[in-house]
Amino acid sequence: MAKHRIARVEEIPAGERKLVEVEGKSIGVFNVRGEYHALENVCCHRGGPVCEGNLFGRLESEVMPDKRTREYYATEGDVIACPWHGWEYEIPSGECLADRTYKLRKFPVVVEEGALRVVL
Amino acid sequence: MAVNGFTVIDTDAHYLESFQEVAKYMEEPYKSRLLKAAHRLIPTTTGDRFMEGRIRRDEVSYPQKPMTPEEIPAAQKRLGVDVSVILPNNLLELGKFPVKNMALAICRGFNDYMLDQIVDPKRGIYTMVFVPLLDPPESAKLIDRVGKHPGVAAVCFISANVEPPLGDTFYNPVYEAAQRNGLPIVYHSAGSDLHDFFVRGFQSFMETHSLGFVFWNYIHMTSVVMEGIPERFPGLKFGFQESGIFWVPQLMYRLDNAYMKRRSESPLLKKLPSEYMRDFRFGTQPLESPKNLDHLKYAFEMVDAENTLMFATDYPHWDFDPPSTITDLPFLSHKAKTRILSENAQNFFRF
Ligand code: FES
């Protein structure tokens, strides 16, 4: 295991991401509300470039007392959709929203001396 | 190009064409009509295929803008495809269009445009003859006119919303023309509208999209087999696109079951419906992906995959399959992959 410096902290403000190559792997490093998450850029479905997808919130629906439903965003900006076919993943856990047994590979991110390092 | 050493024939790819370009190949008054009101005359579908940007196709002009011919070899290269059979995207809803002369003019224009500007057999780019099925005699003439072109690999029935079902004697002239020109028939399904599916009121695109493709395939397959098209046109080959593979065994055994009880309704048949169906070919896309791969393996067995399946990407549509959909399958032999990725298509189409 080694730490790989991939960016200065200011390079990835909240809501942004950076795609990096580390040891031949394509990795997306995301800043979700001040927390950094590194996910491998390989979708569990057919290997698509999931970390290049657009960000969304986690859409939920609740059953109201009258049995109608109400859709709402439970979160904001912490879900990424794979551009190939739309599989959605929660960035902090790497889990696929439609079936949480599918998980993107995650790597630890550490902040040291103003730099972000991915551990792998 | 090839993927892991496999030659890849993509039996169903799409191209988004410019109406301006197609119009150059059309006669008046239809040319002006298309130019002035393409989107009112050529039906499109409702439903947001790209889900507010969850799905994207940054690498091609589709769906925002018409594609350019050079985008086809670029896509082939990206996907690892050696040969493509291309269907113009704007024709997918042709079956909904009721005006015969306009449908005919559109098909003539699209065919001539595809043959003049898009196909390039040397680079593995083919198309099919697209026919206005509401006018069988004119469809036959169109096949006779363009069917010998080296860029034509099949006759394509864009089958969504087509009535009566495609086993009807109404279509005899079209089947005869295909047979005479040595071209196989491809039934290309669609039919995924949110607002005017058979049953109105579905609330999401995935509901009608999941059902539409397979419904039209069920409808036409049932008619083609039970009305004895293979007996009436023994020189023809038949392929069905765009519904994955699990629908095939379901319909095989359902029709067999009914036929055993009601043979007198289809006395023309010489064998079980499932036996006719095993002579047909099936596009693989969108291939189902059950977590338990044994289930997929058994479905492959039930449809005699090695002899019947032809790989298709459906690229650049939202639910396309890359070649790894087949090359990654652990239960398929090298020989079976070779057959599905290229040989079955090679034997089916006229390349
Ligand atoms: S490859 Fe990511 S959704 Fe299909």
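In what follows, every heavy atom counts, from backbone to side chain, and hydrogens, waters and symmetry copies are set aside. Just so it is clear, the structure is predicted and the values come from calculations on it, not from any experiment. The sequence lines fix the lettering, A, B, ..., with proteins before strands; numbering per chain opens at 1.
The only option from B:F50, B:W318, B:F320 that meets the ring-ring contact (aromatic ring centres under 6.0 Å, His included) definition with A:H85 turns out to be B:F320.
Counting heavy-atom neighbours within 6.0 Å of A:R70 CZ, excluding the residue itself, gives a total above 12. Heavy-atom contacts from other residues, nucleotides or ligands closer than 6.0 Å to CD of A:E60 number more than 12. The neighbour count for B:K297 NZ, taken as heavy atoms of other residues, nucleotides or ligands under 6.0 Å away, does not exceed 12. For B:Q203, the CD atom is loosely surrounded, since the number of other residues' heavy atoms within 6.0 Å does not exceed 12. Other residues, nucleotides and ligands contribute at most 12 non-hydrogen atoms within 6.0 Å of the CE atom of B:M206. Other residues, nucleotides and ligands contribute more than 12 heavy atoms inside 6.0 Å of the CD atom of A:E11.
Residues A:F56 and B:G53 come closest through the heavy atom pair CZ-C, 3.8 Å.
Put simply, CD1 on A:I80 and CZ on B:R54 are 12.0 Å apart, with the number rounded to the nearest 0.5 Å. The distance from the CD1 atom of B:I55 to the CH2 atom of A:W87 is 12.5 Å, given to the nearest 0.5 Å.
Two residues are said to be in side-chain contact when any heavy atoms from C-beta on lie closer than 4.5 Å; B:K291 and A:T101 meet this criterion.
Between B:D328 and A:R46 there is no salt bridge, since no side-chain N of the basic residue sits under 4.0 Å from a carboxylate O of the acidic one.
Of the N and O atoms on the side chains of B:R56 and A:N54, at least one donor lies less than 3.5 Å from an acceptor on the other residue.
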